Protein chains: 2
Amino acid sequence: MAASVGRPSRVAKLPPRERILDAAEELFQSEGIRRVGVQTIAERAETTKMAIYRHFETKDALVAEWLRIVAAEYQAAFDRVEAEHPGRPGDQILGLARFIAEGLPAISHRGCPFINSIAELPDRSHPARQVIEKHKAHQAHRLVGMCTEAGLRDPEQAAAAITFVLEGAQVSTHNGSIDQAGDRLLGIVEGILAHHRSPLGESRASTDGTARAV
Amino acid sequence: MAASVGRPSRVAKLPPRERILDAAEELFQSEGIRRVGVQTIAERAETTKMAIYRHFETKDALVAEWLRIVAAEYQAAFDRVEAEHPGRPGDQILGLARFIAEGLPAISHRGCPFINSIAELPDRSHPARQVIEKHKAHQAHRLVGMCTEAGLRDPEQAAAAITFVLEGAQVSTHNGSIDQAGDRLLGIVEGILAHHRSPLGESRASTDGTARAV
DNA sequence: CCCGAACGATACCCATCGGTATCGTGCAGC
DNA sequence: GCTGCACGATACCGATGGGTATCGTTCGGG
């Protein structure tokens, strides 16, 4: 096995492109994008700068590709949670919350890659920014779908609340202002689901059903 | 008026230190910390690099001082909201949410200074990091106090939920995944308050009153 | 009136960064 | 066995970064 192609040295080494992406992942995640030089990535990947530029047009393209991979992992979490709780959108949402909650300990070190990257890349034309924004929009849309399927009252508002809470848990974990954020997060999401399942929200909701963006 | 000291040229010019801080504020906020050079700050402040280093030990110290000022502005918002609604902690919390909601349009351009800065400064020993973390911890504590005074059930959990939502609204506004975030935010905070005011939360809360982190 | 401190301007130092050019090497397929 | 090509290594380039040294000037208080 693993003998088809590429056995450059001893211990089965991944092809250069994979090693580069792995190294970039670790370094970008732990040190930030702008703090990490291409040279450093090359060393960590046990290759050279030239090899990186043979596989990626620019450093920005490498960053974008990395975020594309991270986004795919989050998408996979969505898929997994849907597969684990078919036809039970409420459990799917709780599964997502659990997924985020389980990631919080890692987040506390260096934070969410999307939040960090967007902070490091102010120009909206940056390819990585577009990857992030497209991913976030897609996730938001998918979450609204779950909330709708769950029969929640005002699914868009519920999805917004859940999104806020998931993002906020990561931020607050990273800046250390709230501990046990994982447990709290799960409870809060349960509360949001319950709140939007109850026949009528109490917060000055009228009976017109439109719920005027409350 | 404004003639006591400092009238270097014509149009009343602030003293160099203030101009430097103003310039740093604008540039750090719009471009990010690491993208902005000291030289650029000097030009924007209509002074020179040397003048900056006469007032601040290092660039890092300038960053920390800027964040100290921003933190003070948020503290002022807390103070103001307390003064506007004395003895009405629920209204105070809603006032805070309104304060954040009103800031969201600006946030959508470049995001929250704390979130961005913490993303740009991975080393926890950085002076600016300590400013941020101390500020966030203080805010969290103050918010718990408000929730307690409001007689909310499980005030720490309520404060965590509100914190998450406030932070998350900024993140989601910045990455563009949710629009009308301001209106949504206010409704969500109202919902959290209502949820924690109701005699017993529905989400599998038992009668022991401890509400096991839900 | 004069002296000292703050200020403005310029030039400089050294490190790092993204990106490129060049040359050598080892392996694959014909 | 030979050729082509991806790869490895090194040196280099221009730009920019934070930070310092050294000037002359200006302005305010004794």
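Order of the sequence lines sets the chain letters (A, B, ...), proteins ahead of strands, with each chain counted from 1. Worth saying up front: this structure is predicted, and the values here are computed from it rather than measured.
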Using whole Å, what does the distance between atom [atom2] of nucleotide [N] and atom [atom1] of [X] come to?
| X | N | atom1 | atom2 | answer |
| --- | --- | --- | --- | --- |
| B:Asp60 | D:dG19 | CG | C1' | 12 Å |
| A:Arg34 | D:dT16 | CZ | P | 12 Å |
| A:Glu43 | D:dA9 | CD | C1' | 12 Å |
| B:Phe28 | D:dG18 | CZ | C1' | 12 Å |
| B:Ile41 | D:dT16 | CD1 | P | 16 Å |
| B:Arg35 | D:dG18 | CZ | C1' | 18 Å |
| A:Glu46 | D:dG8 | CD | P | 10 Å |
| A:Gln39 | C:dA15 | CD | C1' | 14 Å |

If you count the non-hydrogen atoms of other residues, nucleotides and ligands that lie under 6.0 Å from CD in A:Glu73, is the total more than 12?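 Enclosed: over 12 neighbouring heavy atoms sit under 6.0 Å from CD of A:Glu73.
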
Do the side chains of [Y] and [X] get nearer than 4.5 Å, heavy atoms only?
| X | Y | answer |
| --- | --- | --- |
| A:Arg35 | B:Asp123 | yes |
| B:His174 | B:Asn116 | yes |
| B:His135 | B:Gln139 | yes |

Any idea which heavy atoms bring B:Leu27 and B:Ile41 closest together, and the distance?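 Scanning both residues, the minimum pair turns out to be CD1-CA, 3.7 Å.
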
Do [Y] and [X] meet the salt-bridge criterion of a basic N to acidic O distance under 4.0 Å?
| X | Y | value |
| --- | --- | --- |
| A:Asp91 | A:Arg98 | no |
| A:Arg129 | A:Asp60 | no |
| B:Glu133 | B:Lys136 | no |

Kindly calculate the angle separating the two end axes of the helix from C:dC1-D:dG30 to C:dC30-D:dG1, each obtained from five base pairs, and round it to 10 degrees.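 The angle separating the two end axes equals 10°.
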
For DNA chain C, what residues of residues 47-56 of chain A have any heavy atom nearer than 4.0 Å? A:Lys49, A:Met50, A:Tyr53

Does A:Arg19 place a side-chain N or O at less than 4.0 Å from the phosphate oxygens OP1/OP2 of D:dG8? yes

Does B:Tyr74 have its ring centroid less than 6.0 Å away from the ring centroid of B:Phe99?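 Ring centroids of B:Tyr74 and B:Phe99 are less than 6.0 Å from each other.
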
